[in-house]
Amino acid sequence: MGAREGTEKFRLLSAMEIFAEAPEAVATMDRLAPMVTAQRGDRLSDPSRRGGGLHFIKRGHVRLYALDPTGHEATVAVLGMGHVFGEVGSLAASPPDLYADAMDEVALCTLRRGDLEELLRQEPRLGLRLLEALSGRIRDLEEQLVALALQDVRHRLLLLLARLAAAFGDPAGGWASIDFITHQEIATMIGSTRETVTATLSGLARSGAVRTGRRQMWVNTAVVARLLNAAGREPR
DNA sequence: TCATTAAATTTCT
DNA sequence: AGAAATTTAATGA
């Protein structure tokens, strides 16, 4: 440590949950991984830019999605502070070609593959944290896969709201605030369309599950949980 | 039930 | 003003 301890970058790295038990790694990351910032809509990664290393999100939100030739998108993950994306996905099998866009003001640090291995040797506990994070991603994907196969749009939307509120919700008096997502983006997360999302959301608003504003939602997690339960028992 | 198409309306820059 | 985001409505699979 030393001269860099006071920098914005060092402070953001220290705040990342992954590094909670690995303070030594913060200094190494600070030395090896340059930080870049981006604005909403900026492309952070695309299929041609694979193998570009491991990206640590320090601020903001990133959407990973597939894009088909007709322009339709399917969102695979929405990631926030402390999450990683990039090289990890390709450690095992060959992943689908994904794009990564900034959803708001994003800051991230990128570690080249070789440097990642060095860091993991120095701080094995970091590997465990990474494994936990990736396991969580798999669990979310499995949940979403089942919902896509078996549930209607309303149920899938409720599920998404519950997950977004838990992951990113800024809770104030029982209402979790989410302010970086459009209806269009929600549609790509649940396999639906912008118009259907708007209609379904206003239905849920009438049920008291959400309040909506332009690029802003307040999710009542208690009501969402109750509606999910009720729907689960109803046959379709 | 929900995607698609079309159009109107609201809100941001 | 112009762009972006949201809303409503009609239609058909």
Side-chain angles (χ1 to χ4, degrees), chain A residues 36-46 57 59-81 96-107 140-165 167-172 175-221 223-236:
Chain A
V36 302
T37 59
Q39 305 302 310
R40 172 174 174 84
D42 288 350
R43 174 71 41 79
L44 298 171
S45 170
D46 65 48
I57 301 174
R59 185 184 24 225
H61 300 87
V62 174
R63 185 171 67 97
L64 301 185
Y65 61 97
L67 181 62
D68 81 2
T70 66
H72 290 120
E73 299 179 0
T75 295
V76 165
V78 172
L79 306 173
M81 188 197 296
D97 289 344
L98 296 182
Y99 294 82
D101 281 6
M103 303 180 78
D104 47 17
E105 201 173 308
V106 165
D140 282 350
L141 286 168
E142 287 171 346
E143 186 180 49
Q144 178 62 14
L145 177 62
V146 171
L148 270 172
L150 301 178
Q151 306 292 157
D152 60 15
V153 167
R154 187 185 122 100
H155 190 102
R156 302 206 297 272
L157 182 53
L158 282 167
L159 220 47
L160 179 72
L161 293 178
R163 285 206 281 121
L164 288 175
F168 309 114
D170 173 18
W175 293 85
S177 163
I178 296 165
D179 62 4
F180 57 94
I181 290 178
T182 64
H183 292 188
Q184 174 62 62
E185 287 164 341
I186 290 175
T188 71
M189 296 176 206
I190 63 175
S192 182
T193 62
R194 177 172 45 81
E195 295 87 339
T196 299
V197 166
T198 299
T200 310
L201 262 183
S202 55
L204 291 180
R206 267 175 256 124
S207 311
V210 290
R211 304 259 82 205
T212 64
R214 189 190 169 89
R215 233 192 250 179
Q216 169 90 232
M217 296 185 306
W218 292 268
V219 179
N220 187 319
T221 50
V223 174
V224 167
R226 181 168 56 73
L227 292 178
L228 273 172
N229 264 323
R233 280 194 306 287
E234 293 291 324
R236 274 217 287 145

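Bear in mind the structure is a predicted one, so any value in this text is a computation, not a measurement. In what follows, chains are A, B, ... by sequence order, proteins preceding strands, each numbered from 1. Quick note: numbers below take in every heavy atom, side chains included, and nothing from hydrogens, waters or symmetry partners.
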Checklist line | OG1 on A:T212 to CD1 on A:I178, rounded to 0.5 Å | finding: 12.5 Å
Item checked: Phosphate OP1/OP2 of C:dA5: any A:T182 side-chain N/O under 4.0 Å -> no
Next item on the list: Report yes or no: do A:T182 and A:R214 form a side-chain donor-acceptor pair below 3.5 Å?
Entry: no
Check: Ion pair present between A:R163 and A:D140, side-chain N to carboxylate O less than 4.0 angstrom?
Finding: yes
Next item on the list: Mind calculating the distance between CZ (A:F180) and P (C:dA5) to the nearest angstrom?
Entry: 15 Å
Note to self: Would you say A:S192 places a side-chain N or O within less than 4.0 Å of OP1 or OP2 belonging to B:dA3?
What the structure shows: yes
Check: Distance from A:T196 atom OG1 to A:I186 atom CD1, nearest 0.5 Å?
Finding: 12.5 Å
Next item on the list: Under 4.0 Å between any heavy atoms, over every strand shown, what does A:G41 touch: base, sugar-phosphate, or nothing? Just pick one.
Entry: nothing
Notebook entry, point to check: In whole Å, what is the span from the CG atom of A:L157 to the P atom of B:dT1?
Noted result: 15 Å
Notebook entry, point to check: What distance do A:D179 atom CG and A:D170 atom CG have between them, rounded to the nearest 0.5 Å?
Noted result: 8.0 Å
Notebook entry, point to check: To the nearest angstrom, how far is A:R211 atom CZ from C:dT6 atom P?
Noted result: 16 Å
Check: Are any of A:R40's side-chain N or O atoms less than 4.0 Å away from OP1 or OP2 of C:dA5?
Finding: yes
Check: Taking the six-membered ring for Trp, are A:F168 and A:H61 parallel (under 30°), tilted (30 to 60°) or perpendicular (over 60°)?
Finding: perpendicular
Item checked: Whole-Å gap separating P (C:dA4) and CD1 (A:I186) -> 19 Å
Notebook entry, point to check: Rounded to whole angstrom units, what separation is found between the CG atom of A:L148 and the P atom of B:dC2?
Noted result: 12 Å
Item checked: Carboxylate-amine/guanidinium contact A:E185 A:R40, below 4.0 Å -> yes
Next item on the list: In whole angstrom, give the distance that lies between atom CZ of A:R154 and atom P of B:dC2.
Entry: 10 Å
Next item on the list: Please state how far atom CD in A:Q216 lies from atom P in C:dA4, giving the value in whole angstrom units.
Entry: 21 Å
Sub-3.5 Å pairs of nitrogen or oxygen atoms, protein against nucleotides 11-13 of chain B:
none

Margin query: Could you check whether the side chain of A:R215 and the base of C:dT6 have a donor-acceptor pair of N or O atoms closer than 3.5 Å, going by distance alone?
Written below: no
Checklist line | Check: A:V197 main-chain N/O paired with A:T200 side-chain donor or acceptor under 3.5 Å | finding: no
Note to self: Using a 4.0 Å cut-off on heavy atoms, which residues in residues 195-207 of chain A reach DNA chain B? List them by number, or say none.
What the structure shows: A:E195, A:T196
Note to self: Using only atom types and a distance under 3.5 Å, with no angle test, would you say the side chain of A:S192 pairs donor to acceptor with the backbone of A:T188?
What the structure shows: no
Notebook entry, point to check: B:dC2 P sits how many Å from A:R194 CZ, rounded?
Noted result: 17 Å
